[in-house]
Structures are given as structure tokens and as C-alpha cells.
Amino acid sequence: MKKKYNFSGGVKCLPINQDTNKYIINYVPYPTKFFIYVKYNTLKKNMLRVKINQKVLCGEPLTFGDSSSVPIHSPTSGLIENVEFYSKHVDLNQENIKITIISDHLEQWIRLKKINNYKLYSPKSLIKIIYQLGIVGLGGAQFSSAKKLILSINKVHTLIINAVESDPYITADYSLMHNYFNEIFIGCEIISWISKVEKILIVIQEDKIELISKIQLLIENKKLFKICILKKKYPGGSSKIIIKSLTGKEIPNGKHAIDIGYLIFNISTVYAIKRAVINGEPLIHRIISLYDYQNNLSKNFLIRIGTPINFFLNYLKIDNNLNYKIYLGGMFMKDLLTNLNYSISKDMNSILIKKYKKKNKKLINYSCINCGYCVQVCPINLLPQKLYLYSKNNNHKDAKKSYIMDCIECRICEKVCPSNINLVKYFKNEKKQQNKIKIEINQKKIFFDLFQLREKRILSQKENIYKNKNYFNHLSLIESNILEKLSTKKLISNKEIEKNIRKEILRSSIKRVKLKNKIL
């Protein structure tokens, strides 16, 4: 009997309708138009590689990358129809750049550089490939996988593969494992080759019995690999929770798992890394879970990045979209989609469809009664009721002391709150304020350091001028060999030297004239 790892807090979710076909990957036809959204704050003007009316091939990079973002690739061959600013689907204040591509339906690809034996390449070369092919964390963070690998070299001893999908409505990662585990296994070996880890832990939830047996059979003679079974609870997929459950260690505030020796990757990211290194494929598609509340049905689809959600819904014969509410995310962490022309992105793993009901009762928010239910379920051991009061009253100092930045926004505190308070909404706002305060403090520190340097420089100049003045008052230019001495004092300004030299020359000339007159 294998040990089952557990964590404090969390909630057990009732299983949804067990559809025998839920692990089958369905395919969606390609639309005529693709919409690619790029975050404006990470894209500088000179990072755009295409312009309007330019022809592109499938897999061709549309943007350059930099230290904080990876290149983005065209999901089809065709023509760039438009490049414009566009607000985000959920946050109207955040602007993106929207690239519209008209597909020619010819599927003409760029030349893919395949690799048979990755061990013939240095870790640096493999990381460069992963970066150039646009691989990011597909668990939702979208952090550059190449950057994570660079930071991990000579710093980590264990690779953790996150195969935990605790939201009952999302089965995208499990369907990927069910169909492509051999490729995921190669991806694990590639990452371990780059980071030189001592062991690889594959973490999966206890109810995936078929997959556990499959993994155990595959790693039977592999000493590097070990399977770890986690209790079925939400939210088990957070990296903080997984590391705490497996090792008992907590990631320090403001630090990353790499800082304590653990490199963690989502199972979909591992698959994407394998496809990039071995097959030379850029990241242009991913698996999306679709859950229909009305039919209690979950299905998985392989969709290209940039496919409009409206097109996807029409393909599923959901004709009148006004009758439905569309959410992005799972049962707990979901956001209402305001624009159906928004498209599939790299950080998306689930779409929920709910029939719109006009007579929905509006929930009334009551005052916090300090019942403590939210404390019992918090998987990070925070005190949500206190965080709520601090956030609501703009008590930033106490909110920071109560570790609000450690909140993973899993929303189970909201679900159990008998007062129906939107706790995470307050936490998100407070986190934004904390980030602003942090930026302001850093800026003040930089300005203060610059001010101190300026004061020090001015004081040093004054001291040198004073020393230089005394020096010229007591010695003559010739006797003191002042030019030679001045050249050794680098801090004395050139203007002051010239000024003093001119004075001494004038004095010595007057002296000579007076002496000459006496002689005559």
C-alpha cells in the first residue's frame, strides 16, 4: 500500500458524472480568423515581428521575446489582417495587442528542426530551443519555462511533475496523460538532463487508479523516478501545497520553489517541452476541458491558440450564445467571459457553459460573523477573516504581516462563507495595493541612494577644492611641481586646476616683474 500524502484544509469535491469518453481528445476544425492577444506591458514596440498584410507560415514567430516574455507563434499559415490595441476579456483596464490572422487553410509550416538525441546538445542549447519555441508554464502562470530552467541549474536536487488536477470539472491534464504519457516521460528525462536533478517525483491524486498503474509500470526499473499519491482534495494542484505535502517544507515569502531546491513543472508543460525539443514544434495548441452544466458533461478538445471562443461554441452547436453564461476556469477559480470574440490562450485550460436564468436570486452579502469556517478550509493556513478586515479597511501594514501575498486565490474560503462575502475580490485588490507599495518603497530607496551619492560627490569636491586652495597659497608653482601632483589627484576637477594654475602663473609673473624692477 503506497503512502498517501495529505495537506491541511481544502475541501473534498463530489465526483461529476463519470463519462467513459472524458479522456478522449476531440479535435476542432480550424477557423478562418485567428486572434492572438499579447500583453501590452510585456511587449515593446520593436518586439513585433510582423506587420499588416504580411504573409506568415504556421509556426512562424510573430514577436521577439525578451527576459520577461517568450516569442509568440502563428497558429496557421495566412495573412496578417490587422494589429491593434484591445482590452482584456475580463479586465477592461488592461490593454493587449490583438493580431488578427486570416488563414489560407493550406497549413504551410516553417521548417521544423527535429532532434533525435538531445543528449548530444548542451543544456544551454536545449534551453535556447525551449525559449525560441515559446514554451511557458501551462498550469496558468505562463512563466517562461526557459527562464525557470536557467534559474534551476546547480540549484535544485528534485524535479516535481505536477499531475494533480483537483478541480472536478477539469480533466485536460488527465486526458493528456492518458493518451501521451510516453512522450511526457521523455519530457521528464529532458528536464532532468538539463537541470541534473537527483530524483523525479510524479504527483497524482488518489482517484486516478488507472493512470497510477500505468505510471508505476513505466517507471518500474527507473531509479530516478518515484510516484507520489496525493489525497483527493481541492486545491491540491498548487505548487506550494504539493511541496508542503511531500516534504513538509514551506516556500518562504517572496521566494520560489527553486530557492529551496525543488523544480516543479505542470504535466502539460512537460509535454510541450518534449514536442519542442524532439519534434521542433512551437507551442501553438493545447487541450481545453469543456464542461456543460446542463448536461453535466465534460469533454476535452485539442484547440489551436488564437481560435475564437465564439467559433468553438458554434462548432458545438450552441447557436444562441445569449442564452448561456460562459466562464473561463474551473468550478472554483472561474471568470465570466465578457467578449465571445476572445480566443484560446496559453493560460486557458477550461471553459464552463451555464444556461442563463432570468429569475436567479441575487445573493445578499452579510457582515462577517467571525465564524472561522474560512480558517478551517484554508490550505495555506492563513486567517481569511482577518485578511478581509485588513483589506476592507485599507490596513496595508497588518495585511502584509498576515501574509496576504501567500494567498493562492483558490476561493474555497468564499464557498464556505455563510455571509456570502466575496473574500478573494478584497484579497486581489489588497495584493495590487501591496505591489504598488512595494514599487514605491523600491523607488524611494533608489532615489535616496542616488541622493546620498550626489551629496557624497559634492562634499568630496568641496574638500578637494579646499585642500587645493591651501596648497596653492603656500607653495609656488615651480617649487611644488604642482602640475605633476595635480595629475595624481583624480578627484580634483579640471576646471579648478586650470583656474588655480592661471592664478599662480599671474602671481609668479608679477613677482618676476617686481624683482626685475629692483635689479634695474
Is the closest side-chain heavy-atom distance between I150 and Y131 below 4.5 Å? no
Under 30°, 30 to 60°, or over 60°: which ring-plane class applies to Y293 and Y169, parallel, tilted or perpendicular? perpendicular
Report yes or no: is the cationic atom of K208 (NZ for Lys, CZ for Arg) closer than 6.0 Å to the six-membered ring centre of Y174, at no more than 45° off its axis? yes
Does K148 qualify as a cation-pi partner of F143, given the criterion of NZ or CZ under 6.0 Å from the six-membered ring centre and within 45 degrees of its axis? no
Going by atom types only, do H396 and E430 share a side-chain donor-acceptor pair under 3.5 Å? yes
Is it true that atom OH of Y118 has more than 12 heavy atoms of other residues, nucleotides or ligands lying nearer than 6.0 Å? yes
Closest non-hydrogen atom pair between E165 and A172, with its separation: OE2-N, 3.2 Å
Does the plane of the ring in Y234 sit parallel, tilted or perpendicular to the ring in F332? Use 30° and 60° as the thresholds. parallel
Taking side chain as C-beta onward, heavy atoms only, is K55 less than 4.5 Å from Q108? no
Can a side-chain donor-acceptor contact be found between N162 and S239 if the only test is distance below 3.5 angstrom? no
With the side chain counted from C-beta on, respond yes when Y324 and K354 share a heavy-atom pair under 4.5 Å apart, and no when they do not. no
Under 3.5 Å, is there a donor-acceptor pair linking the side chains of S195 and S152? yes
What is the ring orientation for F312 with F301, classed by angle as parallel under 30°, tilted 30 to 60°, or perpendicular over 60°? perpendicular
Using a 6.0 Å cut-off, check whether atom NZ of K400 has over 12 heavy atoms from anything other than its own residue. no
Face-on cation placement of K244 at F7 ring, 6.0 Å and 45° thresholds: no
Using 30° and 60° as the class limits, which term best fits the ring planes of F35 and Y37: parallel, tilted or perpendicular? perpendicular
With a 4.5 Å limit on heavy-atom distance, are the side chains of T307 and S343 in contact? no
Within a strict 4.5 Å, meaning less than it, do heavy atoms of the L62 and I80 side chains meet? yes
